[in-house]
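Chain identifiers are assigned alphabetically (A, B, ...) following the order of the sequence lines, protein sequences preceding nucleic acid strands; residue numbering begins at 1 within each chain.
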Amino acid sequence: MRSIILSTVARAMLPILIMFSLFLLWRGHNEPGGGFTGGLVAAAGVILFSLAYSPRAARRVVRVDLKTLTGFGLLMAAGSGTVAVFAGKPFLTGVWWKLAGPQGSTIELGTPFFFDLGVYLVVIGVTLSILFSKAEEEERP
Amino acid sequence: MTLLLAIVIGALYAGGVYMMLRKTVVKLLIGLAMIGNAANLLIFVSSSVVRSHPPIVPKGSSAVPAPYADPLTQALILTAIVIGFAVLAFALALVKRVYGEVGSLALEEMTVSDE
Amino acid sequence: MVTPALAILSLFTLGLLAPFLFALLPRHAGKLLCLPPAFWCGWFWSKTPASGQTWTSPWIPELGITFSFRLDGLASLFAILITGIGAMVLLYTEGYCGAKPGSGRLYGLLLLFLASMLGVVLADDAILLFLFWEATSVTSFLLIGFEHERANARRGAVQALMVTGGGGLALLAGLLVIVQQTGQGRISAWGPLAGDPLYLAMFALVAIGCFTKSAQFPFHFWLPNAMTAPTPVSAYLHSATMVKAGVYLLARLSGSLGGTEVWTWTLTLVGGATMLTGTLLALRQTDLKRLLAYSTVAALGTMVFVLARGGAEAASAFAAFVLAHALYKGALFLVAGAIDHTADSRDAFRLGGLWQRAPVLATASTLAGLGMMGVAPLAFLAKETLVDGLLSPPDVPSLIVFGVMAAGAVAIAGIVAFRPFFGKADPAIADGHKPDAPLLTGPAVLAVLGIVGGLTPTFVFERIGGPVAAAIGGGTDPHPWALWHGFGAPLAFSVGTLALGLAVYRAWPAWIARAAPWPSFGFDRAYDAGLRGTVSVARAFTRTIQNGRLRAYLQTTIATFLVLVTLAAVRWNPSPQIRLDTALPHEALLALAMLLAVLAAVRSVSRLAAVVTLGVVGFGVALTYALFGAPDLAMTQIAVETLTVILFVLTFYHLPRFARGSGTRTRAVDALLATGVGATMAAITLVASQRLLGTPISAHFAENSLAEAHGRNVVNVILVDYRGLDTLGEITVLSIAGLGVVALWTFGRRAAKGGSA
């Protein structure tokens, strides 16, 4: 079911969806969004691409091994929690920094963001491994 | 709307149960998915049904204005949705394997598990 | 303070350390490990004559369970035997096993058993006693099955555990009934219980526990099968100590449960039957250890038989017999192991002429054999004391039974103690090696003690016999032990049985050579049949309950759910004031769409249609979330729904079409169940939406989210901050599920490839 329209759209949509998912992730702490939603949107983008081309091509686009991605995400979520331990607070307590933003504004960055980033990566990793392994099965004669 | 949602939830449960009792494993999975949705909705409705007040602190305010949807149940449901997906995927993988081994998807023919 | 508890604890700890000691010093482990038990043996001896001193400290005060111990005459007799023979056996193990790898476990288990057995005889609390009792069963199981590579060792171990463990349950019940009725956990505080309305239950349950443990008829069959254990274990557990636990407990409780008609008759009949069975079955064996095992069964029967009589005289005779039997039978078992070691055979029929190769062993064997014949001093004394009791007034049936047993013992002693050394050897018997010192010390010491003990009857009586009579006989024995009772009926009886026994001994080889194998006695087979029966009943039961039909499981679960919820609703009657809000037109439309989608999904005949309707339901749910203040949920739901539909479609590509539908009747039943569940859940939803139990914690989150957690989206703040640990757990589960899916699919692919190749 290779179609030129689908391929073109998928190729165009992939970066947009990834950007959108990162946007969702970043603003998730203050507006609707977050790691779960962002991860699912990113995964959907890649899946769209894999349906248009092939799972193998999609895996090439992802570049990273999905098990590694999942593991890295888990590690990041758990690791963000240990920052508080070094600051003498209970595991997973949020620790925040104030960074100077453009034009004199300040950006608040905290360990919960990195936790959410971990969630984001895990969701992408798991969703893609599930659908890729299924789709690759499909590809085989 | 609560009454309508209760009816929808009841219908989802009923449909899910009916599907689970069919002969084919695939219908069982569809039933499972329906019951998953129903359970999420049930949790959602049991906290509160409030129109268009997401639990988000507006700019310039320090707290969420009074009538808001319960954020805790939402957090609960959110993870439940994602995990439900993973479980469904697992179940589908299992079904595929069973089909490969048994050569059938009729539940009656899957009575021997070991020995 | 040195107490019995310290003895038990130190030996238990030693047992745990023994394997490490063996690993360090494999050639000297036995010599070193036998020292602590020997020390405690000396300590217990130094406490004789035992005063009945008690030690106690609270354990579970709410239940009246205490750590309490008592050292009276009876406990002292058994404690000395357990520690003393234990020391000998540990030393012997060194010679028997050498530095064979894995022997560390044997030392360890022997010591753990030793400590447990010591606990049984010293405990004064019913529950404490039971715990030690079970510990002896478990360690015995491990010791019998020590050579677990062999099937018959495993069978023997399991059989012993089943029989003694089953009896242990009865014992526990019996002890609990007594504790309940007396309101007293301390055994020493139990008075006579004969008048209690539950006396029969107490007696029956305790008796079953004791009879199984002490291999009484009809539970005798497990003991010969336990001979698959290494010989030190057989010598220790299955002649000198563990099998005497049942006898010990009967003696211990004879003051509380004894003295009734039921007690006397049961013990007499069971003991008598055991004596006859053991003797007759022993004479049909040719394996040294099985011969000894059956003769041990007979001896245990004798002890029960004596206990039936009650009173100080019987108690004193009981003490003499227990002491003599432990010494000579322990020695003979050790000799049998040494013979096995020396000649690589345990066949009493074919062995012979070993005295030239092992003169020391032959001497020890002779002395112990004389003991078993009732000729060596201590055993002679025990026999005379027993017969004395039976003669005044003369009890003819008992005398006959006892005579048969005594004559049988003479014959068996000849077969196991003399024939292998002084008989004619079968030339086919291999030339083995000489036994070394650790193998000889045990049998020699035990055999010599049997002689020495009998030569100083008054001294031993003061230290052992008298206190036992005082502890369980309720008084002093008017006739202290004496070696020489003068010419009289007891002596005549002894001479008679000796002559009869020697005649049987002479006839034995011819009998064995000629005898066709008897149809085996039924109890061992009955055990097998019982076991098989239990398994097949369990299997049939499981087949019925776990029939493998998912539909049946689901129907059962659903029906149970409906019944329970209905019952709860009727009892608890929530009847809330349901306040209904209005529905806007577009909301009503959404609900209607979802209802139609459900209906379509249920009625769908094609796979694709079912999936599409499922998608419609999912998007409907997402819209609901969006309409009622949950944008995060709506977004997640839409993404997941999309992926779910893709997943289903991808999977269905390879799966067959839906099978034929079910019959109308089945559909009707299912529809009924489904409607029931639906209605129930709808009602629950309505009730749940009305009831707010207190202020939800969300209020706190909604107020403090920005200030505390620097986030405006409360849902996200809960996920990544307030309940971060939950989320961490959830993404872990997610990862595992993902790995599982990949593994299932990848594995299936490989298996398919392998299968087609």
Exercise for the section: For residues C:Asp670 and B:Arg22, determine if any side-chain heavy atom of one lies less than 4.5 Å from a side-chain heavy atom of the other. Expected result: yes
Fill in the blank from the handout: Interatomic distance, CG@C:Leu584 vs CE@B:Met1, rounded to 0.5 Å, equals 9.0 Å
Problem - Nearest-0.5 Å distance, CG of residue B:Leu72 to OH of residue C:Tyr722 - result: 11.5 Å
Problem - Taking every non-hydrogen atom, the tightest pair across B:Phe90 and C:Ala737 - result: CD1-O, 4.0 Å
Problem - For chain C, the option from B:Pro55, B:Ala63, B:Ala91 that forms the most heavy-atom pairs under 4.5 Å - result: B:Pro55
Handout entry: side-chain contact (heavy atoms from CB on, under 4.5 Å) between C:Phe648 and B:Ile30, worked out
Key = CA-CA 9 Å; C:Phe648 264 110; B:Ile30 292 175; 4.1 Å; yes
Completion exercise
In terms of heavy-atom contacts, B:Gly15 and C:Val602 come closest through CA-CG2, 3.8 Å
Exercise for the section: Measure distances from B:Met19 to the heavy atoms of chain C and classify the residue's part below 4.5 Å as side chain, backbone, both or neither. Expected result: side chain
Exercise for the section: Can you see which heavy atom on B:Pro58 is nearest to which on C:Arg712, and at what distance? Expected result: O-NH1, 2.8 Å
Practice task
Provide the full list of salt bridge (Lys or Arg N to Asp or Glu O under 4.0 Å) pairs with a residue in residues 725-740 of chain C, sequence neighbours left out, each pair given once.
Solution key: C:Arg723-C:Asp726
Completion exercise
C:Ser698 and B:Pro71 have their tightest heavy-atom pair at CB-CD, 3.6 Å
Problem - Structural part of B:Leu94 lying under 4.5 Å from a heavy atom of chain C - result: both
Practice task
Determine the option with the most heavy-atom pairs under 4.5 angstrom with chain C, choosing from B:Val17, B:Ile81, B:Leu41.
Solution key: B:Ile81
Problem - Steps toward side-chain contact (heavy atoms from CB on, under 4.5 Å) verdict (C:Thr644, B:Leu88) - result: CA-CA 8 Å; C:Thr644 306; B:Leu88 198 65; 3.4 Å; yes
Problem - Contacting region of C:Ile697 [heavy-atom separation from chain B under 4.5 Å] - result: side chain
Practice task
With rounding to the nearest 0.5 Å, note down the distance linking OG1 in B:Thr24 to CZ in C:Arg607.
Solution key: 10.5 Å
Practice task
Could you tell me which portion of B:Leu3 (side chain, backbone, both or neither) has an atom closer than 4.5 angstrom to a non-hydrogen atom of chain C?
Solution key: both
Problem - Heavy-atom proximity to chain B below 4.5 Å, by part of C:Ala639 - result: neither
Handout entry: Residue of the set C:Val741, C:Thr651, C:Leu650, C:Leu744 for which side chain to side chain contact (heavy atoms under 4.5 Å, CB included) holds with B:Leu92
Key = C:Thr651
Fill in the blank from the handout: To the nearest 0.5 Å, atom CG of C:Leu554 lies from atom CE of B:Met20 at 5.0 Å
Practice task
Go through the steps for B:Asn37 and C:Gln637 under the test side-chain contact (heavy atoms from CB on, under 4.5 Å), then give the verdict.
Solution key: CA-CA 10 Å; B:Asn37 271 327; C:Gln637 175 78 23; 3.2 Å; yes
Practice task
Using a 4.5 Å cut-off on heavy atoms from C-beta on, say whether the side chain of B:Leu4 contacts that of C:Glu587.
Solution key: no
Exercise for the section: Evaluate the side-chain proximity of C:Val714 to B:Gln74: yes if any heavy-atom separation is below 4.5 Å, no if none is. Expected result: no
Handout entry: Residue pairs involving residues 617-635 of chain C (criterion side-chain hydrogen bond (donor to acceptor under 3.5 Å, both in side chains); sequence neighbours excluded)
Key = C:Asp632-C:Asn713
Handout entry: Heavy-atom pair count under 4.5 Å with chain B, highest-scoring of C:Thr613, C:Leu595, C:Ile684
Key = C:Leu595
Handout entry: Closest non-hydrogen atom pair, B:Ala6 against C:Leu686
Key = CB-CG, 3.8 Å
Practice task
Please examine the side chains of B:Tyr13 and C:Thr680, heavy atoms only from C-beta on, and report whether any two atoms are closer than 4.5 Å.
Solution key: no
Fill in the blank from the handout: If one checks every heavy atom of C:Ala588 against chain B at 4.5 Å, the contacting part turns out to be both
Practice task
Against chain B, label C:Ala671 side chain, backbone, both or neither, depending on which of its atoms sit under 4.5 Å from a heavy atom there.
Solution key: both
Handout entry: Gap separating the CG atom of C:Leu592 from the CD1 atom of B:Ile7, nearest 0.5 angstrom
Key = 11.0 Å
Practice task
Name the option with the most non-hydrogen atom pairs under 4.5 Å to chain C; the candidates are B:Thr73, B:Leu42, B:Leu78, B:Val95.
Solution key: B:Leu78
Fill in the blank from the handout: Closest non-hydrogen contact found for B:Ile83 with C:Leu734 is CA-CD1, 4.2 Å
Exercise for the section: Sort B:Ser61 into side chain, backbone, both or neither according to what part of it lies under 4.5 angstrom from a heavy atom of chain C. Expected result: backbone
Practice task
Could you check C:Leu633, C:Thr685, C:Val621 and say which one makes a side chain to side chain contact (heavy atoms under 4.5 Å, CB included) with B:Phe44?
Solution key: C:Leu633
Problem - Main-chain N/O of B:Leu21 paired to C:Arg551 side chain as donor or acceptor, under 3.5 Å - result: yes
Fill in the blank from the handout: CD1 of C:Ile718 to CG of B:Asp70, rounded to nearest 0.5 Å, is 7.5 Å
